[in-house]
Student: 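The following block contains the structure, expressed as structure tokens.
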Protein chains: 2
Amino acid sequence: MLQLLGEFECKIDAKYRLRLPAGLISQLNSPAPPTFVINRGFEQCLMLYPEGVWNRISEEVNQLNLYNQQNRAFVRYFYRGAQKVTMDSADRILINKRLLDYAGIDKDVVLSAYNDRIEMWAVDAYEQILANEPNDFSELAESVLGGKNNPDL
Amino acid sequence: MLQLLGEFECKIDAKYRLRLPAGLISQLNSPAPPTFVINRGFEQCLMLYPEGVWNRISEEVNQLNLYNQQNRAFVRYFYRGAQKVTMDSADRILINKRLLDYAGIDKDVVLSAYNDRIEMWAVDAYEQILANEPNDFSELAESVLGGKNNPDL
DNA sequence: TTAAAAAAAAGTGGTAGAAAGTGGAGTAAT
DNA sequence: ATTACTCCACTTTCTACCACTTTTTTTTAA
């Protein structure tokens, strides 16, 4: 089970390539050059899933009966343009222009890894969302993690 | 079992031909030039099924008793103008004008592959459908992907 | 403890080959 | 004769690989 961690600032070059930081690649303990699935995430970011993680998740989604309207909407939204990306020989992945536009990414990017996945943000969007959190963070923690005497906090 | 994936932006030429992206063709692991069945999809898109997938699906529908009025209506709706399309020597398929009209496709198209099939959308229609989250998304996610704090979302 | 050397990581660009895009002409069908 | 489809040829764009420079970190030795 993956336990990714870390926040990395990276740059996207003129050819829409993003080099993955060595500190992140090493966490994947993948023997071959790692492959990912990338798609649109919530709140204007992109999500990067190690291939194995994506497969595990999508397997369940693919069980859904697609004659059901609600299910179709769900599957579409779940995928949100997911596509496979592979690293080149210089540890870079090529990112679709459409996806970059979605996240408002121009050049400067923050990668934020947690659990088994990686979020990709435009730097300014990331800073903005972090700046807004603290106000309601404790409230949020309370409702997410249960009672205010939760030992986990 | 096919596990298609990917979002591709393509153009339809003046002769209503669509070149299938190499990244998609390679996923079909079909030795001969692949054949598809195309028909009207739900929600203003066209559906492209690899021939084998279509055969599997239509087989079930063909079990229905056609002397039943309701069954006939369903079958008609199921087929919705389905037709076989084959790739030409330049990896293009010719798409019926009536189908293109149905999906409001002029020139720019997004192919979105998931599970064992491919959806074909007019670019603007696609962006619109992705723009809003289905209102019951999180509930569905809960029932499909398990617990209420499921990390898979 | 510091400085120099070495190694790793980050950043950049060129290029060959593949893929995408486009048009024309020949053939078949109506 | 006109339309519709298929094949063929060509140009442009893209992308994966390779090579190189700069920066940062680690190691080694004075």
Side-chain angles (χ1 to χ4, degrees), chain A residues 4-30 32-38 48 51 81 83-101 105-113 118 120-123, chain B residues 4-30 32-38 48 51 81 83-101 105-113 118 120-123:
Chain A
L4 304 177
L5 198 61
E7 180 182 295
F8 307 88
E9 192 163 350
C10 307
K11 281 185 180 17
I12 294 203
D13 71 15
K15 295 172 185 169
Y16 310 128
R17 295 175 301 190
L18 169 73
R19 167 197 302 279
L20 295 174
L24 193 52
I25 295 175
S26 62
Q27 291 181 48
L28 297 168
N29 48 16
S30 145
T35 306
F36 300 88
V37 171
I38 188 172
L48 209 55
E51 194 181 22
Q83 51 196 281
K84 199 184 268 195
V85 288
T86 49
M87 280 195 351
D88 71 9
S89 54
D91 299 346
R92 291 174 299 197
I93 56 176
L94 183 66
I95 302 174
N96 191 310
K97 184 80 168 47
R98 296 170 54 77
L99 292 182
L100 292 178
D101 285 345
I105 294 173
D106 180 34
K107 195 177 171 194
D108 296 300
V109 171
V110 174
L111 297 182
S112 172
I118 303 154
M120 186 190 301
W121 292 83
V123 174
Chain B
L4 303 178
L5 190 67
E7 178 185 292
F8 307 88
E9 192 164 350
C10 307
K11 282 185 177 28
I12 294 202
D13 71 15
K15 295 171 186 170
Y16 310 129
R17 294 175 302 189
L18 169 73
R19 169 200 301 279
L20 294 174
L24 194 52
I25 295 175
S26 63
Q27 291 181 49
L28 297 168
N29 47 15
S30 144
T35 306
F36 300 88
V37 171
I38 188 173
L48 209 55
E51 194 180 22
Q83 50 195 275
K84 197 184 268 193
V85 288
T86 50
M87 281 194 352
D88 70 10
S89 56
D91 299 346
R92 291 174 299 198
I93 56 176
L94 183 66
I95 302 173
N96 191 307
K97 184 80 167 49
R98 292 174 54 77
L99 292 182
L100 291 178
D101 285 345
I105 293 173
D106 179 34
K107 193 177 172 196
D108 295 301
V109 171
V110 174
L111 297 182
S112 173
I118 303 155
M120 186 190 301
W121 292 83
V123 175

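Just so it is clear, the structure is predicted and the values come from calculations on it, not from any experiment. A, B, ... follow the sequence lines: proteins, then strands. Residue 1 opens every chain.
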Student: Rounded to whole Å, how long is the line connecting atom CG of A:N96 with atom P of C:dA20?
Tutor: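 The answer, rounded to whole Å, is 13 Å.
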
Student: Please state how far atom OH in A:Y16 lies from atom C1' in C:dT12, giving the value in whole angstrom units.
Tutor: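 Rounded to the whole Å, the gap is 17 Å.
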
Student: How many Å lie between CD1 on B:I93 and P on C:dA20, as a whole number?
Tutor: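 Between P of C:dA20 and CD1 of B:I93: 14 Å.
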
Student: Has the side chain of B:K15 got a donor or acceptor atom sitting under 3.5 Å from an opposite partner on the base of C:dG23?
Tutor: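 Donor-acceptor pair under 3.5 Å: no.
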
Student: Using whole Å, what does the distance between atom C1' of nucleotide C:dG26 and atom CG of B:D88 come to?
Tutor: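 In whole Å, C:dG26 C1' and B:D88 CG are 15 Å from each other.
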
Student: How long is the span from the CG atom in B:L111 to the CG atom in B:L20, to the nearest 0.5 Å?
Tutor: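 If I round to the nearest 0.5 Å, the distance is 6.5 Å.
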
Student: Distance check needed: D:dT24 P versus A:F8 CZ, whole Å only.
Tutor: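 In whole Å, D:dT24 P and A:F8 CZ are 17 Å from each other.
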
Student: Of the nucleotides D:dT15, D:dC17, C:dA10, which one has an atom closest to the side chain of A:L94?
Tutor: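 Ranking D:dT15, D:dC17, C:dA10 by closest atom to the A:L94 side chain puts D:dT15 first.
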
Student: Expressed in angstrom and rounded to an integer, what is the separation of B:R17 atom CZ from C:dA19 atom P?
Tutor: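 Interatomic distance, CZ of B:R17 to P of C:dA19: 19 Å.
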
Student: Assuming nearest nucleotide by heavy-atom distance, tell me which of A:G23 and A:A14 is located more 5' along DNA chain C.
Tutor: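 Checking each residue's closest nucleotide, the 5'-ward one belongs to A:G23.
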
Student: Return the CZ to CD1 distance between B:F36 and B:I95, rounded to the nearest 0.5 Å.
Tutor: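 One finds 10.5 Å between CZ of B:F36 and CD1 of B:I95.
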
Student: Does B:D106 have more than 12 heavy atoms from other residues, nucleotides or ligands lying within 6.0 Å of its CG?
Tutor: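 At most 12 heavy atoms, drawn from other residues, nucleotides or ligands, come within 6.0 Å of this atom.
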
Student: Does a distance-only test, which skips hydrogens and angles, find a donor-acceptor pair under 3.5 Å between the side chain of A:R19 and the base of C:dG13?
Tutor: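 A donor-acceptor contact between them is absent.
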
Student: Restricting to salt bridge (charged side-chain N to carboxylate O under 4.0 Å, His left out), what partner residues turn up for B:K97, sequence neighbours left out?
Tutor: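 With neighbours one apart ignored, the set is B:D101.
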
Student: For the pair made of CZ in A:R92 and C1' in D:dC20, what is the distance, rounded to whole Å?
Tutor: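 Distance check: A:R92 CZ to D:dC20 C1' gives 12 Å.
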
Student: Expressed as a whole number of angstroms, how long is the span from B:D91:CG to D:dC8:P?
Tutor: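 These atoms are roughly 14 Å apart.
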
Student: Which one, C:dG13, C:dA20, C:dT22, comes nearest to the side chain of B:A22?
Tutor: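 For B:A22, the side-chain atoms sit closest to C:dA20.
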
